[in-house]
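To find a chain, count down the sequence lines: A is the first, B the second, and so on, and within it residues start at 1. Side-chain atoms are counted along with the backbone in the values below, which use heavy atoms only and exclude waters and symmetry mates.
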Amino acid sequence: MALVLFNTMTGRKEPFAPREPGVVRMYVCGPTVYNYIHIGNGRAAVAFDVIRRWLQFRGFEVIYVHNYTDIDDKIIRVARETGETVRAIAERFIAAYEEDLAALGVLEPTHRPRVTEHIGPIVDLIRRLIERGVAYVRDGDVYFRVQKFPEYGKLSKQPIDRLLAGARVEIDAAKEHPLDFALWKRSEGDVAWDSPWGAGRPGWHIECSAMSMHYLGATLDIHGGGQDLIFPHHENEIAQSEAATGVTFARYWLHNGHVTVDEEKMSKSLGNVVLVRDVVREYGGRALRFFYLNTHYRQPLRFHREAIASARSAVERLDGAVAALNHALPGSVPGEAPAALLEALRAIEADFTAAMDDDFNTPEALTAMFALVRTAHAVAQDPGRTRGAVEAVLARFRRLDAVLGLLSAAEDVAPADVLALVAEREAARRARDFARADALRAEIRARGYAVEDTPEGPRLKRVSRS
RNA sequence: GGGAGCAUCGCCAAGCGGCAAGGCAAGGGUCUGCAAAACCCUCAUCCCCGGUUCGAAUCCGGGUGCUCCCUCCA
């Protein structure tokens with residue numbers, strides 16, 4: 001079995017093989033940092049995090065670049081409104097972004113380049129495009145000459161003439177052609193850099209071309225982003241990059257589907273933007289991550305309370321299985337894991353692998369995880385369980401969760417006061433003072449923990465009732 | 001007007017020609033001082049109409065409904 005993935009460029013699933021054996025070069029368009037991210041941005045981050053993790057699981061070295069667009073019209077606008085500097089706003093929202101992604105269990109990329117720190121490569125790329133005659137200068141602005149790139153539209157499958165018909169393309173007298181787009185915009189003040197064409201700043205698309213090629217070379221293996229980036233952003237990236245280098249820019253284009261809220265696209269005008277941090281606060285980051293992973297990354301995803309609450313319950317079940325194993329470990333008998341168990345674990349991993357190899361089918365991979373949950377409880381409840389058996393199941397959980405990233409990282413040790421209440425309740429139960437025991441259970445619950453009585457003694461579980 | 005998708009149990013969701021995964025919720029049972037957790041059992045012929053096929057949720061045609069892109073956007 002080999003990994004196949006859906007390539008937007010060809011419109012079908014293809015076997016995946018990186019250009020250089022063993023090494024995957026991957027670039028995913030990052031946020032423009034002028035606001036807190038919403039759950040759609042979060043989905044993209046999680047989707048490509050899992051893709052990256054799966055490639056690593058499969059033994060590839062992954063060089064993963066995820067950029068920050070820290071200079072842009074939108075940031076400048078916010079700066080004007082708040083009186084802050086562009087730089088301060090960018091810093092603030094980069095920090096917020098990293099906080100949000102950490103809550104979602106997203107691993108750090110290999111490189112996190114910022115546009116403002118790569119003006120040199122951007123200017124170089126624009127210079128090459130001008131030299132080749134595919135870009136032109138107009139009064140301090142530089143535009144890409146779309147008609148000089150015959151393949152324009154190949155990713156979005158939209159012929160140039162169709163793009164014009166019916167579309168509201170901004171008419172700008174400075175441009176030779178309505179579809180020409182800015183590579184460099186004349187500007188002044190604290191948001192301008194020197195260039196051969198005068199002071200200015202990069203246009204909207206050039207940074208991704210310049211930074212991805214700066215870190216990964218002229219040809220990347222995987223380029224990803226939300227499906228709304230297909231046109232014009234990625235189309236323009238292809239045009240700029242390939243016009244400059246003459247070689248294929250990205251070999252596989254991956255795009256995640258959109259998140260809608262109550263049937264509608266999130267937008268500020270509708271007032272239905274849901275922020276990652278708000279969902280994290282109410283349901284926890286892992287619940288949101290599960291919510292994402294429960295749907296294939298290319299499918300549309302509708303956000304609503306019932307779905308996210310269901311995800312939270314599912315994560316608690318996953319936690320419960322690991323907790324049961326940990327709890328069962330001390331009482332297990334010395335010995336190796338039975339062969340039948342090892343075979344069952346292998347079968348579960350085979351199912352998991354087949355699912356992930358099929359265009360990163362995380363919903364099916366989760367099915368395998370829940371098979372592991374059932375196995376875990378069967379082992380944990382077996383009075384004759386061996387230490388080897390418990391450890392084998394735990395090891396498999398850790399191994400598969402390295403891909404999904406759903407289990408809580410730290411062992412959750414309850415605070416001393418809660419532990420004292422648990423001990424008190426046990427004493428009451430032994431004395432058959434059940435009224436007192438129940439009162440103590442309610443008290444523990446109020447502090448955020450549920451007590452479960454097991455043959456091994458009471459077990460605590462963190463609860464997230466809101 | 002052009003382009004890309006989607007429609008499967010109360011909710012979410014896999015499935016890509018051969019007896020309809022999984023999660024959440026629900027009902028019954030076991031266990032428990034009672035619970036909780038867990039375990040067992042129950043719970044769908046796949047939007048509609050045609051067609052292809054021995055056989056279709058899966059392919060083709062036609063409807064209907066919905067989403068996204070063509071404008072900054074994950």
### Query
Do any N or O atoms from the side chain of A:Asn361 and from the backbone of A:Glu364 form a donor-acceptor pair under 3.5 angstrom?
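Between the backbone of A:Glu364 and the side chain of A:Asn361 there is a qualifying donor-acceptor contact (under 3.5 Å).
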#### Entry: Flag, side chain of A:Gln240 to backbone of A:Phe144, donor-acceptor distance under 3.5 Å
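Side chain of A:Gln240 to backbone of A:Phe144, a donor-acceptor pair under 3.5 Å: no, none is there.
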Would you mind reading off the distance between [X] atom [atom1] and [N] atom [atom2], rounded to a whole angstrom?
X        : N     : atom1 : atom2 : answer
A:Phe303 : B:A74 : CZ    : C1'   : 16 Å
A:Phe231 : B:G5  : CZ    : P     : 17 Å
A:Leu293 : B:C24 : CG    : C1'   : 16 Å
A:Asp49  : B:A74 : CG    : P     : 18 Å
A:His233 : B:C70 : NE2   : C1'   : 16 Å
A:Glu235 : B:U71 : CD    : P     : 12 Å
A:Ile75  : B:C73 : CD1   : P     : 12 Å
A:Asn361 : B:G22 : CG    : P     : 15 Å

[N] versus [M] - spacing of their [atom1] atoms, nearest Å:
N     : M     : atom1 : answer
B:G22 : B:A35 : P     : 28 Å
B:G15 : B:U32 : P     : 42 Å
B:G63 : B:G2  : P     : 14 Å
B:C46 : B:G10 : P     : 13 Å
B:A38 : B:U45 : C1'   : 32 Å
B:G5  : B:G51 : P     : 28 Å
B:U71 : B:A13 : C1'   : 33 Å
B:C47 : B:C9  : P     : 8 Å

### Residue closer to the 5' end of RNA chain B, A:Thr367 versus A:Ala44 (nearest nucleotide)
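Nearer the 5' end of the strand: A:Thr367.
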Both distances below 3.5 Å, Watson-Crick or wobble geometry, any strand: find the nucleotide opposite [N].
N     : result
B:C6  : B:G65
B:G1  : B:C70
B:G55 : none
B:C43 : none
B:U32 : none
B:C19 : none

### Summary
Per-nt protein contacts along nucleotides 28-41 of chain B (heavy atom under 4.0 Å; B base, S backbone sugar-phosphate only, - none) come out as -----BBBBSSS--
### Task
Can you check each nucleotide of nucleotides 7-13 of chain B against protein heavy atoms at under 4.0 Å and return B for base, S for sugar-phosphate only, - for none, in 5' to 3' order?
---BSBS
### Task
State whether A:Asn41 places a side-chain N or O below 4.0 Å from either non-bridging phosphate oxygen (OP1 or OP2) of B:C73.
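No, A:Asn41 has no side-chain N/O under 4.0 Å of OP1/OP2 on B:C73.
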[X]/[Y] ion pair, N-O < 4.0 Å:
X        : Y        : value
A:Arg87  : A:Asp70  : no
A:Glu349 : A:Arg346 : no
A:Asp180 : A:Lys148 : no
A:Asp453 : A:Arg459 : no

#### Entry: Pairs touching residues 369-385 of chain A that satisfy salt bridge (charged side-chain N to carboxylate O under 4.0 Å, His left out), sequence neighbours left out
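Pairs touching residues 369-385 of chain A that pass the test: A:Arg385-A:Glu456.
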### Listed partners of A:Tyr215 passing side-chain hydrogen bond (donor to acceptor under 3.5 Å, both in side chains), at least two apart
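So A:Tyr215 forms a side-chain hydrogen bond (donor to acceptor under 3.5 Å, both in side chains) with A:His118.
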### Query
According to the side-chain hydrogen bond (donor to acceptor under 3.5 Å, both in side chains) rule, which pairs have a member within residues 96-105 of chain A, sequence neighbours left out?
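Sorted pair list: A:His66-A:Tyr97, A:Tyr68-A:Glu98, A:Glu98-A:Arg112, A:Glu99-A:Arg277, A:Asp100-A:Arg277.
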### Query
So which pairs with a foot in residues 431-440 of chain A pass side-chain hydrogen bond (donor to acceptor under 3.5 Å, both in side chains), sequence neighbours left out?
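Only A:Glu424-A:Arg436, A:Asp438-A:Arg441 qualify under side-chain hydrogen bond (donor to acceptor under 3.5 Å, both in side chains).
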### Message
So A:Gly257, base contact, sugar-phosphate only, or nothing? Heavy-atom distance under 4.0 Å.
### Response
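Contact class for A:Gly257: base.
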### Query
Base, sugar-phosphate alone, or nothing: which one does A:Leu229 contact when heavy atoms must sit under 4.0 Å apart?
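Counting heavy atoms under 4.0 Å across all strands, the contact made by A:Leu229 is with sugar-phosphate only.
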#### Entry: Contact check, side chains of A:Leu440 and A:Val451, non-hydrogen atoms, under 4.5 Å
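No; the side chains remain at least 4.5 Å from each other.
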